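Working notes, structure below.
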Amino acid sequence: MVERRVRITNHLGLHARAAAKLVRLAAQFSSSITLRHGDAIADAASILDLLTLSAGFGANVDIAVVGPDEVAALDEVEQLVRDGFGEL
């Protein structure tokens, strides 16, 4: 398992369009990807799970990845978040 903490940088936070981009990215990997914000944990393969995180602008989110391509998956997810889900 690999983990990393990232800060949400886009002004709308982890909203529906951003969550959909994350779900599409997560589907490219065979590893299991989860995000945690506070006490809430979400499967990156589920838009509804991601929206329940209520991770707004400036929120810290912990990404955890388990599986054969975990390092590549973590790097890609982190980059997507740092790039503001393409909204910056």
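Everything numeric in this text was worked out from a predicted model, so none of it was measured. Position 1 is the first residue of the sequence; numbering continues from there.
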Exercise for the section: Is it possible for you to say whether Val2 and Phe29 belong to one hydrophobic cluster, with membership spreading through side-chain heavy-atom contacts below 4.5 Å? Expected result: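 Shared cluster, yes.
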Handout entry: same_hphob_cluster(Val65, Val71) at 4.5 Å side-chain heavy-atom cutoff
Key = yes
Report yes if the side chains of [X] and [Y] come closer than 4.5 Å at any heavy-atom pair, otherwise no.
X: Leu14; Y: Val61; result: no
X: Asn60; Y: Asp62; result: no
X: Arg4; Y: Val77; result: no

On a heavy-atom basis, which atom in [X] and which in [Y] lie closest, and how many Å separate them?
X: Ala18; Y: Phe85; value: CB-CG, 3.4 Å
X: Arg82; Y: Leu88; value: O-CD1, 4.0 Å
X: Ala64; Y: Met1; value: CB-SD, 4.1 Å
X: Ile8; Y: Gly13; value: CG2-CA, 3.6 Å
X: Ile33; Y: Ala73; value: CD1-CB, 4.1 Å
X: Asp83; Y: Thr9; value: C-OG1, 4.5 Å

Checking the side chain of [X] only, and the main-chain atoms of [Y] only, is there a donor and an acceptor separated by less than 3.5 Å?
X: Arg7; Y: Gly58; result: yes
X: Glu78; Y: Asp75; result: no
X: Asp49; Y: Asp43; result: yes
X: Ser32; Y: Val66; result: no

Just how far is it from atom [atom1] of [X] to atom [atom2] of [Y], taken to the nearest 0.5 Å?
X: Glu3; Y: Arg36; atom1: CD; atom2: CZ; result: 6.5 Å
X: Glu76; Y: Gln28; atom1: CD; atom2: CD; result: 7.5 Å
X: Arg5; Y: His37; atom1: CZ; atom2: NE2; result: 9.5 Å

